[in-house]
Protein chains: 2
Amino acid sequence: MAVPEEKNNLANLAYAALKRDITEGAFQPGDKLLMSGLKERYEIGAGPMREALSRLMAERLVTAISQRGFRVAAMSIEELKDIYFARAQLEAMITVLAVQRGGDEWEAGVIATAHTLSRVKEVQNTDEMLGVWDNRHKAFHYAIASGCGSAKLMELRETMLDQAERYRQFWLREMVFSGEALKSKQEEHRELIDVLMSGDAQAARQLMFEHMMNPIPIITRILEARGLA
Amino acid sequence: MAVPEEKNNLANLAYAALKRDITEGAFQPGDKLLMSGLKERYEIGAGPMREALSRLMAERLVTAISQRGFRVAAMSIEELKDIYFARAQLEAMITVLAVQRGGDEWEAGVIATAHTLSRVKEVQNTDEMLGVWDNRHKAFHYAIASGCGSAKLMELRETMLDQAERYRQFWLREMVFSGEALKSKQEEHRELIDVLMSGDAQAARQLMFEHMMNPIPIITRILEARGLA
DNA sequence: TTTTGTAAAAATATCTACATTTTGTAATTT
DNA sequence: AAATTACAAAATGTAGATATTTTTACAAAA
């Protein structure tokens with residue numbers, strides 16, 4: 001899923017840690033990322049730290065202005081809509097390919113990950129369950145997409161997933177806290193599987209697109225409540 | 001088209017210079033990028049140089065193994081096919097959106113850039129003409145795609161363009177050296193415009209997909225001749 | 001008083017030079 | 001030949017020097 005040869009060197013570690021801190025909200029959108037603060041937080045020199053920031057810049061999670069340092073990339077409702085739309089289009093396109101090209105083992109993978117997802121225990125320790133559900137949900141969609149047979153398309157998909165991640169976090173909490181919303185998602189997933197197995201690529205395309213667009217209103221509401229208009 | 005706030009600092013300059021050197025073939029695929037050599041070539045310290053390399057790594061033009069330095073990303077026929085396929089799918093998808101959403105000024109932009117492209121003077125100074133033709137060709141396709149109305153999709157498109165660039169260079173030379181191939185391309189472009197203006201999104205999709213896939217056999221032949229199988 | 005301008009000071013970003021760690025190579029031993 | 005060791009080359013990291021931007025303090029003008 002991720003790049004494999006990422007061994008340990010300070011720049012890589014800082015990259016991973018900062019990426020997590022940004023997507024999980026430890027740093028807020030627009031926050032200035034002071035070199036001095038980062039050095040202390042990640043116990044690292046300025047050189048490797050800059051490397052990490054450079055990579056996150058290429059991934060659009062961090063912005064930079066020359067001689068004026070780095071910031072956490074801003075979030076906005078406009079960007080939310082654009083990212084989700086682009087992602088939905090991409091995922092729908094990939095889904096068509098997967099239906100057309102996916103063989104028996106693809107089908108098996110989809111069914112298997114769907115099953116695993118459906119078996120996430122109903123609310124106990126909310127935060128832990130949230131993590132488990134999210135991982136399995138991602139695995140399910142990954143299994144579907146992987147049928148497209150294109151490593152580059154899978155990379156593009158990963159790119160968009162990364163960029164959506166901060167917005168997705170909001171949706172995720174909403175989802176898991178509301179048993180009803182979760183039930184509704186599960187229903188969507190069932191329908192999705194039916195269409196995928198039916199082999200009707202265009203129907204699958206349409207349904208996947210809608211599935212991916214659904215979270216937008218929910219997240220918009222949350223962002224508005226937080227004044228991130 | 002590119003990121004605007006890229007002012008001058010050594011890392012940015014080295015990034016741009018190395019990127020150009022890689023896409024234009026001054027460094028060959030698989031070449032080891034020795035720190036000492038790079039420092040000398042770009043007159044820069046190791047720190048900023050690593051920053052540039054980090055960013056190119058995120059863009060897949062450079063690969064790295066921890067503690068063992070950097071290399072120019074390899075090229076292969078397999079990757080060529082994957083990149084061109086993914087690009088064609090993406091561009092076809094974007095074209096559908098552009099036809100559906102593009103307004104009068106989009107149409108005007110397409111017509112205008114097509115006209116400019118058609119007026120490139122027939123072979124004189126080959127190398128200069130090559131550059132002019134390429135720029136105008138890119139502008140033409142950019143004009144088409146821009147009708148999709150999604151900044152993120154345009155970004156993904158740019159990503160794929162960057163990754164295809166080294167392969168595209170081969171095709172470009174072949175194209176411009178052969179007046180016949182160039183004529184054929186011009187004919188394709190005319191057809192493309194007709195379909196775009198007709199508003200038939202699905203037909204446009206199909207034609208754009210084929211247009212984007214066409215170079216694959218040509219480039220494959222060149223790569224095979226160079227033993228990059 | 002408020003605004004505007006200016007210069008010094010502080011904070012910050014950026015770069016280089018050198019130190020450290022790791023890897024690659026080749027000679028030497030088993 | 002295989003393993004080991006010693007040495008050279010290269011990558012990585014840190015600390016401090018340099019350059020740039022931001023803030024502050026203060027004064028002049030409105």
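Each chain gets a letter, A, B and so on, in the order the sequences are listed, and its residues count up from 1.
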Rounded to whole Å, how long is the line connecting atom [atom1] of [X] with atom [atom2] of [N]?
X       : N      : atom1 : atom2 : answer
A:Arg71 : C:dT12 : CZ    : C1'   : 13 Å
A:Ile44 : D:dG13 : CD1   : P     : 7 Å
A:Asn12 : D:dA11 : CG    : P     : 15 Å
B:Phe70 : D:dA9  : CZ    : C1'   : 17 Å
B:Met49 : D:dG13 : CE    : C1'   : 18 Å
B:Glu40 : C:dT16 : CD    : P     : 14 Å
A:Asn9  : C:dT23 : CG    : P     : 11 Å
B:Glu51 : D:dA11 : CD    : P     : 17 Å

Handout entry: B:Phe140: partners by ring-ring contact (aromatic ring centres under 6.0 Å, His included), with sequence neighbours left out
Key =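 So B:Phe140 forms a ring-ring contact (aromatic ring centres under 6.0 Å, His included) with B:His189.
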Exercise for the section: Mind listing the residues from residues 30-38 of chain B sitting with a heavy atom below 4.0 Å of DNA chain D? Number order is fine. Expected result: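 Residues of residues 30-38 of chain B that come under 4.0 Å of DNA chain D are, in numerical order, B:Lys32, B:Leu33, B:Leu34, B:Met35.
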Exercise for the section: Can you establish whether the number of heavy atoms outside A:Lys19 located under 6.0 Å from its atom NZ is more than 12? Expected result: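 Check passes, neighbour count above 12.
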Handout entry: Cation-pi geometry met for B:Arg101 and A:Phe85 (6.0 Å, 45°)
Key =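 Yes, B:Arg101 sits over the ring of A:Phe85.
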Exercise for the section: Compare side-chain N and O positions of A:Arg68 against OP1 and OP2 of D:dT22 and report whether any pair is under 4.0 Å apart. Expected result: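 Result: yes.
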Handout entry: Nucleotide opposite C:dT30 in a Watson-Crick or G-U pair, distances under 3.5 Å
Key =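 Here C:dT30 is engaged in a pair, and the nucleotide opposite it is D:dA1.
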Exercise for the section: For the pair B:Arg168 and B:Glu165, find out whether any cationic side-chain nitrogen is under 4.0 Å from an anionic carboxylate oxygen. Expected result: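 A salt bridge is present here (some side-chain N lies under 4.0 Å from a carboxylate O).
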Exercise for the section: State whether B:Arg173 and B:Asp134 are salt-bridged, where the test is any N-O pair (Lys NZ or Arg NE/NH1/NH2 against Asp/Glu carboxylate O) under 4.0 Å. Expected result: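 Salt bridge flag = no for B:Asp134 with B:Arg173.
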Problem - 5′-ward residue of the pair A:Gly45/A:Gln67 relative to DNA chain D - result: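 Nearer the 5' end of the strand: A:Gly45.
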Handout entry: Euclidean distance, B:Gln28 CD relative to B:Arg226 CZ, rounded to 0.5 Å
Key =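 CD of B:Gln28 is found 7.5 Å from CZ of B:Arg226.
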Handout entry: Plane angle bin for B:Trp133 and B:Trp171 - parallel if under 30°, tilted between 30 and 60°, otherwise perpendicular
Key =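 Ring orientation of B:Trp171 relative to B:Trp133: tilted.
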